[in-house]
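Have a look at the structure below before the remarks.
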2 protein chains.
Amino acid sequence: MASITPTRDRLLDAFEELLIEHGERAATLEGVAAAAGVSKGGLLYHFGSKAALIDGLLARLSDLVAEDIADIRSAPAGAVDFLIRTSASAGTPFDRTFVAVTRLAQGSHQQAKDMLAGFRRDWVAVIEEAVGDRDVAQMIALISDGLFYESTVSDAKDSTVDYLSPAGLDGLLAVIARVIPKRD
Amino acid sequence: MASITPTRDRLLDAFEELLIEHGERAATLEGVAAAAGVSKGGLLYHFGSKAALIDGLLARLSDLVAEDIADIRSAPAGAVDFLIRTSASAGTPFDRTFVAVTRLAQGSHQQAKDMLAGFRRDWVAVIEEAVGDRDVAQMIALISDGLFYESTVSDAKDSTVDYLSPAGLDGLLAVIARVIPKRD
DNA sequence: GTCTATACGAAGATAGAC
DNA sequence: GTCTATCTTCGTATAGAC
């Protein structure tokens, strides 16, 4: 429930873009404004300071995560399948916002860190609900983390991870299925 | 085989410290020099530019990784046990250098990205050698990634990961053991 | 080897015109 | 709602003294 004006959204998109592709250091007001096609002054009309720009990004993520959790719960093939298949950042709006906030968290932005920790808590809870075993749920959450992490560090091509393309994920899901307790 | 002088090493330590604790943006020449207890001019005697400072860090990592791979191969409890137990950054000199370089990679430093990809390749190869199954090896590598990633984002306390302390890792290793093919 | 002084462009932010 | 001009501080780098 944050953005109304199109320019505001374009500015957040540009901010994400720079954080993802070139890191914190490149995500300057000048850079963001240019990437969004406005001047620095134009940006500062919508976001009065860099802190306000960051707040705008965090608010956007907050909205998107609520949707994501709902999607996981209602996924036809089950929560684990959905989570693993969507872990690797694939460039969806949600993925982009999430990766961008990750960069801020790694730059030690405390609020970003807290927000990411909160979301992870929710994900782990949903998985545990689905598999009924705490250790297995934790393992699956870690695999999800691993997929996400690798997708944000390695270049798509010549990656050392077999599973960054949706097609290859079946093998991984098959291995995971072997440790999920059967239920009656 | 890079550093000889103690000041040089202290500067690299300080550079790592800032990258890890406060991100790229805080890792300025001024900041690094101050953290190492020298002046900006002092730093620039040892590393003539910021690029040289980064090169120094990459060279340090290169040395440390060679040792790590050797440790994995010769670990008494096996490669998988060793890898999983040492994945979460625990603040060893190797961990610190590795996390610091990860920050550079996420800031889109290409050489850092390539170096990390190369190391991961080695690790995956060692795991596959140990477990004899590609999918299982990939899964274990992802869990290792997940442990590492979480250890660099979440605050030690109130973490959502059960396994960031060595004590809790047995449960995770037990689950992993269930999918490793038995050999004769 | 380490320091101070200085140059210069980049980054965040304000004021006011259109 | 967007722009230009301007201010201040920060970040990188050079020169030269100690």
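Here is the naming used below: chain letters follow the sequence lines, and residue numbers restart at 1 for every chain.
Which of C/dA13, D/dA13, D/dG1 sits closest to the side chain of A/Leu29 comes down to C/dA13.
If you take CG of A/Leu43 and C1' of C/dA11, they are 13 Å apart, rounded to a whole angstrom. Note: CD (A/Glu24) to P (D/dG11) measures 12 Å, nearest angstrom. Whole-Å rounding puts the B/Arg10 CZ to C/dT2 P distance at 7 Å. With rounding to whole Å, B/His46 atom NE2 is found 12 Å from C/dC3 atom C1'. In this structure, A/Tyr45 places its OH atom 18 Å from C1' of D/dT4, rounding to the nearest Å. Residue A/Lys50 contributes atom NZ, which lies 15 Å from atom P of C/dT14 at whole-angstrom precision. Atoms CD (B/Glu30) and C1' (C/dA10) sit 16 Å apart, rounded to a whole Å. Summarising the geometry, the separation between CG on A/Leu53 and P on C/dA11 is reported as 15 Å, rounded to the nearest angstrom.
A salt bridge does not link B/Arg73 with B/Asp122: every distance from a Lys NZ or Arg NE/NH1/NH2 to an Asp or Glu carboxylate oxygen is 4.0 Å or more. Ion pair A/Glu30/A/Lys40 flagged as a salt bridge, since at least one NZ, NE, NH1 or NH2 atom sits closer than 4.0 Å to an Asp/Glu carboxylate oxygen.
Remark: the B/Ser89 side chain and the B/Ser151 side chain contain no N/O donor-acceptor pair separated by less than 3.5 Å. Side-chain polar atoms of B/Glu21 and A/Ser108 form no donor-acceptor pair below 3.5 angstrom.
Aromatic rings from B/Trp123 and B/Phe98 are positioned such that their centres are separated by under 6.0 Å.
Close to D/dT2, at under 4.0 Å from its OP1 or OP2, lies a side-chain N or O of A/Thr7. A/Arg8 has no side-chain polar atom (N or O) that falls below the 4.0 Å cut-off from OP1 or OP2 of D/dT2.
Base contact: A/Ser39 has a heavy atom under 4.0 Å from a base atom. Looking at heavy-atom distances under 4.0 Å, A/Leu44 makes contact with a base.
Counting distance only, with no hydrogens placed and no angle test, the side-chain atoms of B/Lys40 and the base atoms of D/dG11 include no donor-acceptor pair under 3.5 Å.
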